[in-house]
Enquirer: 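Here it is, the structure, as structure tokens.
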There are 2 protein chains.
Amino acid sequence: MTHSRDELLKQLRVRGARLTIQRRLVLDILLDGNDHLSVQDIQAQVTQRGADLTETTVYRILQWLKNLGFVSQTDLGQRGVVYELIGSPRHHHLICLNCGGVIEVGDGLFEELRDHVRRDYDFEPRIDHMAIFGLCQDCGNQNISGE
Amino acid sequence: MTHSRDELLKQLRVRGARLTIQRRLVLDILLDGNDHLSVQDIQAQVTQRGADLTETTVYRILQWLKNLGFVSQTDLGQRGVVYELIGSPRHHHLICLNCGGVIEVGDGLFEELRDHVRRDYDFEPRIDHMAIFGLCQDCGNQNISGE
DNA sequence: TTCCTAATTGCGAATTATTCTCAACTGCGA
DNA sequence: TCGCAGTTGAGAATAATTCGCAATTAGGAA
Ligand SMILES: [Mn+2]
Ligand SMILES: [Mn+2]
Ligand SMILES: [Zn+2]
Ligand SMILES: [Zn+2]
């Protein structure tokens, strides 16, 4: 499940952050649309709710939430950069280079990798919302030319 | 080891690609500097060799090599997007979000993940040159503030 | 409740990275 | 050697993100 709104706000308050209406708005949009949202998507939502934030502000708030570890920022390739609240448990995606299809996968896939990295390199990986590119079942069977 | 120049050219010829002087030049630069090269890095090398390619052309050649599966394109975060010939065996990197340190790791780390993805999702992942972000040993011990 | 101030936002320009268009050029098969 | 589809050059265009600074405001202190 995802963070609840109240829990989220509480955690932010604890960290001494100012809860401006702009920040609440972006948080609400992220909480509602439990989806991949681009900056434009978020701006559209802002407008739809009768509000109005600068692009700059949206970028700044997303950056802030990302640095705090509440939001993931992921480049989905063709589909560009998207933001999403990091739920628990986390999830990740397989993205087909040919058809663009996006498959959601659980975090289990990455548990071994995480452990290995920790053990072998004493490195604490932040694998929050990975995009793995490749060829899906359908496209893998066709023979894809390089160009 | 890395692809040899001749082997590489042969493979490209087989695929019916035109081996222009521009393409040879970029290939040679990639072969020599066995390193992460940004587009600017490559342009600098081009100049250093007394030649002169447009940025556009460099982008196009890199895109072409990437699509053919010979070159990886990786976003290293702070350090931007870099290109590198995909060697065999492949390697990947751990990148510290705090100090920016880059650790090279072998491909073994990803073998399990690859198998899982193939088995569980019938998806052929192209894990050529991954960047895993997180905190290195030194930085993990300090307490990092969110901002 | 009011006041104060550091944190945050708005605005618009700047920067950066990448792509596009189209005319000129050229690698390579016939 | 010729012809042309594929490739490059040039420079503008587009898209994404960041910057600088003045105006605003959240939230603690009085
Ligand atoms: Mn997702
Ligand atoms: Mn590398
Ligand atoms: Zn596909
Ligand atoms: Zn570090």
Side-chain angles (χ1 to χ4, degrees), chain A residues 8-29 36-44 46-47 49-68 70-83 145-147, chain B residues 8-29 36-44 46-47 49-68 70-83 145-147:
Chain A
L8 212 50
L9 291 178
K10 199 176 85 187
Q11 292 209 44
L12 290 172
R13 216 169 290 141
V14 165
R15 298 187 185 239
R18 286 201 190 168
L19 296 184
T20 64
I21 48 178
Q22 291 90 344
R23 286 177 170 178
R24 278 177 222 264
L25 182 54
V26 171
L27 271 171
D28 283 340
I29 289 168
H36 297 155
L37 297 175
S38 68
V39 169
Q40 353 286 8
D41 291 337
I42 291 171
Q43 285 239 279
V46 167
T47 306
R49 294 178 187 216
D52 188 36
L53 302 189
T54 329
E55 249 181 336
T56 309
T57 298
V58 175
Y59 274 107
R60 283 195 282 228
I61 291 173
L62 290 170
Q63 199 58 47
W64 171 66
L65 289 168
K66 179 190 167 193
N67 289 340
L68 289 170
F70 290 112
V71 162
S72 64
Q73 179 191 50
T74 313
D75 187 342
L76 296 184
Q78 307 276 326
R79 307 194 181 200
V81 174
V82 296
Y83 299 83
S145 75
E147 195 73 16
Chain B
L8 213 49
L9 292 177
K10 198 176 85 185
Q11 291 208 46
L12 291 172
R13 217 170 288 139
V14 166
R15 298 185 186 239
R18 285 202 191 164
L19 296 183
T20 63
I21 47 179
Q22 291 88 346
R23 285 178 171 176
R24 279 177 221 263
L25 183 53
V26 172
L27 271 171
D28 283 340
I29 289 168
H36 296 155
L37 297 175
S38 67
V39 170
Q40 353 288 7
D41 291 337
I42 292 171
Q43 285 239 280
V46 167
T47 306
R49 295 178 186 218
D52 188 36
L53 303 189
T54 331
E55 249 183 337
T56 311
T57 298
V58 176
Y59 274 108
R60 284 195 283 228
I61 292 174
L62 290 170
Q63 199 58 49
W64 171 67
L65 289 169
K66 179 190 167 193
N67 289 339
L68 289 170
F70 290 111
V71 161
S72 65
Q73 179 191 50
T74 312
D75 187 341
L76 295 185
Q78 306 276 327
R79 306 195 183 200
V81 174
V82 296
Y83 298 83
S145 75
E147 192 76 11

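Small disclaimer: the values here were computed from a predicted structure and weren't measured. Letters A, B, ... mirror the listed sequences (proteins, then strands); counts begin at 1.
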Enquirer: Please state whether the phosphate of D/dT17, meaning OP1 or OP2, lies under 4.0 angstrom from any side-chain nitrogen or oxygen of A/Gln63.
Expert: no

Enquirer: Can you tell me the distance, in whole Å, between the CG atom of A/Leu12 and the P atom of D/dG27?
Expert: 11 Å

Enquirer: Ignoring the backbone of B/Glu55, work out which of C/dT18, D/dT8, D/dT17 is nearest its side chain.
Expert: C/dT18

Enquirer: Toward the 5' end of DNA chain C, which comes first, A/Thr54 or B/Thr20, by nearest nucleotide?
Expert: A/Thr54

Enquirer: Quick check: any donor-acceptor pair below 3.5 Å linking the side-chain of B/Arg60 to the base of D/dG6?
Expert: no

Enquirer: How many whole angstroms separate atom CZ of A/Arg23 from atom C1' of D/dA26?
Expert: 10 Å

Enquirer: Tell me which nucleotide among D/dG9, C/dT18, C/dG10 gets nearest to the side chain of B/Leu53.
Expert: D/dG9

Enquirer: So if I take the C1' atoms of five pairs at each end of the helix from C/dT1-D/dA30 to C/dA30-D/dT1 and get each local axis, what angle do the two axes make, rounded to 10 degrees?
Expert: 30°

Enquirer: Taking for each residue the nucleotide of DNA chain C bearing the nearest heavy atom, is the 5' side occupied by A/Ile21 or by B/Arg24?
Expert: A/Ile21

Enquirer: Search all heavy atoms of B/Asp52 against all heavy atoms of B/Val46 and return the closest pair with its distance.
Expert: N-CG1, 3.6 Å

Enquirer: Pick base, sugar-phosphate or nothing for B/Val39, based on heavy-atom distances below 4.0 Å to the nucleic acid.
Expert: nothing

Enquirer: Roughly, in whole Å, what's the span from CD in B/Gln40 to P in C/dT15?
Expert: 16 Å

Enquirer: Can you tell me how far C1' of D/dT7 sits from CG of B/Leu65, to the nearest Å?
Expert: 14 Å

Enquirer: Can you check whether A/Thr57 has a side-chain N or O nearer than 4.0 Å to OP1 or OP2 of C/dT9?
Expert: no

Enquirer: Let me know the distance between NZ of A/Lys66 and P of D/dT17, rounded to the nearest Å.
Expert: 10 Å

Enquirer: Is the side chain of B/Thr20 donor-acceptor paired with the backbone N or O of B/Arg23 at a distance under 3.5 Å, no angle test?
Expert: yes

Enquirer: Can you list the residues that meet the side chain to side chain contact (heavy atoms under 4.5 Å, CB included) rule with A/Arg79, with sequence neighbours excluded?
Expert: A/Leu76, A/Val102

Enquirer: Would you tell me if any nitrogen or oxygen in the side chain of A/Gln22 comes within less than 4.0 Å of OP1 or OP2 on D/dT25?
Expert: no

Enquirer: Do A/Gln73 and A/Leu62 make a side-chain contact, defined as non-hydrogen atoms from C-beta onward lying under 4.5 Å apart?
Expert: no

Enquirer: Please name the residue in the list B/Ile29, B/Thr74, B/Val39, B/Asp41 that meets the side-chain contact (heavy atoms from CB on, under 4.5 Å) test with B/Tyr83.
Expert: B/Val39

Enquirer: So, does B/Thr56 get its side chain near the phosphate of C/dT18, meaning an N or O under 4.0 Å from OP1 or OP2?
Expert: no

Enquirer: Specify the separation, in whole Å, of atom CG of A/Asp52 and atom C1' of C/dT9.
Expert: 12 Å

Enquirer: Quickly work out the B/Ile61 CD1 to C/dT19 P distance and round it to whole Å.
Expert: 14 Å

Enquirer: Nearest whole Å is fine: how far is D/dA16 P from A/Tyr83 OH?
Expert: 11 Å

Enquirer: For B/Ala51 versus B/Leu25, what's the shortest heavy-atom pair and its separation?
Expert: CB-CD2, 3.5 Å

Enquirer: Under the 3.5 Å rule, do the base of D/dG27 and the side chain of A/Arg18 count as making a donor-acceptor pair?
Expert: no

Enquirer: Any idea which of D/dT18, D/dG27, C/dT18 is nearest the B/Tyr59 side chain?
Expert: C/dT18

Enquirer: Find out whether B/Leu12 and B/Phe70 are in side-chain contact, i.e. whether some heavy atom of one side chain is under 4.5 Å from a heavy atom of the other.
Expert: yes

Enquirer: Say whether, by atom type as modelled, one donor and one acceptor occur between the side chain of A/Arg24 and the main chain of A/Leu19 under 3.5 angstrom.
Expert: yes

